[in-house]
Amino acid sequence: MAKTIMIVDDSTSLRQVVGIALRSAGYDVLEGSDGADALKKLTGQKVHLIISDVNMPNMDGITLVKELKKLPAYKFTPIVMLTTESADGKKAEGQAAGAKAWMLKPFNPPQLLAVVQKLVLP
Amino acid sequence: MTRFLTSFLQRWQCTAFALASGAAACATGRGAAPVVGGAALLAAGAVLDGARRRRETRARTDAAGFVAGADALGRDVMPVWSAHIETSRAQMETAVAALTSRFAGIVDRLDQTLRATGQGGDHGLAAVFDHSNGELRGVLDSLKAAMASNATLHTEVQDLGRFVAELQQMAGEVASIAHQTNLLAINAAIEAAHAGAEGRGFAVLAQEVRKLSALSGETGQRMADKVAHIASAMAAARATAEDSARREAAQAEASEGAIHGVLERFRGVTEAMESSTAALQRESAGIQGEIVEALVQLQFQDRVSQRMNHVRHNIERLPALLAESREAFDASGALRPVDAAALLHELEGSYAMADERATHAGDAAKASAAAAVADLEEVTFF
């Protein structure tokens, strides 16, 4: 059975590019347009990994990570921050919130898949 | 403007002070000439004072116009700039999203095509060929088995021919026995005649033996006739069977040749199709790779969108600052410039990308390098 990965980003095209990369590797993909939308769509279903942007409207990525860590169903779900944000301070915030990796945009699909395969839950 | 007004007012205060001092000296002096001189000085002072007030009024009007103009720039022009930037950003995002969606559709369809044409095993052309080859070879084997069965039957018929020959011999032996018996019966009759009355009974017996001998001879002849007839029928059947076997062998050989020919042509077609399918698969995979690469490059839109957003938000801060400047002027006449450094600091604080910071610092080369697709080393694991 295919594993499910959620991509959270306010850019439609970015979500599509990530979706293509993940689907071509055999993963099922869920999409959220920002942190709040992602929380609304994650209704207890099993997600093996979450990839999230940092700077988004309504709810940013760091806040999303903090909120997910409060939920028993997603407390141990690995989260990768995929962002243009390169400031060390923000990275430290992501790490403190509980993210597993920090990846800079623009990305290339093999690089993203390597990170996904390393972190995705069994 | 402020510095100019201050300098002008200081110079005018000095002149007014000199004129007032001259008038006082005239008032304390004696005679008409000094009085006339003092009046002239006062008149000149009044004229100069009027000119000063007019200049002050004009300068204030100019300053008010400047401040109002700056306020109007912030209130009327900058929102239009901002709207244009936002509209451009939104149009670019919509277009890139649509483009990405189309590309995604093409990638999906290519993927499905690759999966469909790449299926080997039970559905591939090679498998169809192997299956057909096996089926046709099965048909040939059946033909050969039928021919072998006919050959066995032919051998059995030949064996029956040997039995017929034995039967013919046996019929001949029966005829020979009948002939010998007849001779014996004749001799017995002759001997009975020699014996006279005592031999009469023996003569009757010899007569009956002769009848039996004649009957046996006839039976032997009929047997020989029947066996000859069977032998003739079997020879005809064997000839027909041999002819049939020869024709079947020729037909089987022709069928085998035809089947081999069909299979060879089929193999040629399937190999050509396999080859063209492999070429199509390679090309499809290549096109898919190119499209995915194009999609990767389309990520520029996300970066450009963020950069435009940061500039737009900074522009949108200006109208309020210019309005504050105007309100301060209206309230106290003070000319308070917009704090450009603070505004620039706010803009810098909104940056997320390394290339934005490099652009801000005026380093174009560094900005370009920072915007490139990151290497694997750019991933940080916590």
Side-chain angles (χ1 to χ4, degrees), chain A residues 9-26 29 33 51 53-57 60-61 65 78-116 118-119, chain B residues 89-90 92-108 110-112 114-115 285 288-289 291-307 309-310 348-358 370-382:
Chain A
D9 201 304
D10 55 325
S11 165
T12 308
S13 59
L14 204 288
R15 289 200 306 274
Q16 286 176 333
V17 175
V18 175
I20 289 168
L22 294 176
R23 286 188 189 97
S24 69
V29 178
S33 58
I51 299 170
D53 189 13
V54 171
N55 299 308
M56 293 182 288
D60 65 78
V65 177
I79 304 168
V80 177
M81 309 310 294
L82 178 62
T83 175
T84 53
E85 181 63 70
S86 60
D88 289 339
K90 279 282 184 186
K91 275 190 193 177
E93 278 185 47
Q95 183 178 14
K100 282 285 182 191
W102 193 276
M103 189 173 170
L104 284 180
K105 294 178 195 170
F107 70 96
N108 64 56
Q111 175 196 31
L112 178 70
L113 291 175
V115 173
V116 167
K118 186 180 170 76
L119 296 177
Chain B
R89 191 198 65 75
M92 183 175 65
E93 180 162 354
T94 305
V96 169
L99 199 60
T100 309
S101 181
R102 292 285 180 90
F103 278 148
I106 293 170
V107 168
D108 279 348
L110 281 172
D111 197 43
Q112 286 169 10
L114 283 171
R115 283 176 203 275
Q288 196 178 34
I291 293 173
V292 169
E293 180 59 28
L295 287 171
V296 169
Q297 295 304 323
L298 283 176
Q299 290 176 78
F300 85 91
Q301 179 268 327
D302 186 43
R303 305 180 72 81
V304 173
S305 181
Q306 285 195 48
R307 195 183 276 250
N309 258 337
H310 296 150
E348 192 173 12
S350 70
Y351 294 151
M353 300 176 288
D355 55 312
E356 280 183 303
R357 297 187 184 98
V373 174
D375 296 329
L376 197 57
E377 288 74 22
E378 297 287 345
V379 180
T380 307
F381 290 99
F382 299 134

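Computed from a predicted model, the values in this text were never measured in an experiment. Chain letters run A, B, ... following the sequence lines, proteins first, then strands; residues in each count from 1. Any value given below was found using the heavy atoms of this structure, including those in side chains, with hydrogens, waters and symmetry copies removed.
With values rounded to the nearest 0.5 angstrom, B/Glu93 atom CD is found 7.0 Å from A/Asp10 atom CG. Note that CZ of B/Phe300 is 8.5 Å distant from OG of A/Ser13, once rounded to the nearest 0.5 Å. A distance of 9.0 Å separates CD in B/Glu356 from CD in A/Glu85, rounded to the nearest 0.5 Å. Rounding to the nearest 0.5 Å places CG of B/Leu110 at 12.5 Å from OG of A/Ser24. The distance from the CG atom of A/Leu104 to the OG1 atom of B/Thr380 is 7.0 Å, given to the nearest 0.5 Å.
Scanning both residues, A/Val17 and B/Leu295, for their nearest heavy atoms gives CG2-O, 3.6 Å. The nearest pair of heavy atoms linking A/Ala101 to B/Phe381 is CB-CD2, 3.7 Å. Contact detail for A/Ser86 and B/Arg357: the closest heavy-atom pair is OG-NH1, 3.2 Å. Closest non-hydrogen pair, A/Pro106 versus B/Arg303, comes out as CD-NH1, 3.1 Å.
Contacts between B/Ser305 and chain A at a heavy-atom distance below 4.5 Å are absent for every atom of the residue. Contact of A/Leu82 with chain B is not made at all, since no heavy-atom distance falls under 4.5 Å. Of the atoms belonging to B/Val292, it is side-chain heavy atoms, and not backbone ones, that fall under 4.5 Å from chain A. The contact between A/Lys118 and chain B is made entirely by side chain atoms (from C-beta outward), counting heavy-atom distances below 4.5 Å.
Checked by atom type and distance alone, the side chain of A/Arg23 never pairs as donor or acceptor with a backbone atom of B/Asp108 at under 3.5 Å.
Counting non-hydrogen atoms of other residues, nucleotides and ligands closer than 6.0 Å to NZ of A/Lys91 gives a total above 12.
Counting heavy-atom pairs under 4.5 Å between each of B/Gln288, B/Gln301, B/Gln306 and chain A puts B/Gln306 at the top. The choice from A/Asp53, A/Asn55, A/Thr84 that makes the most heavy-atom pairs within less than 4.5 Å of chain B is A/Thr84.
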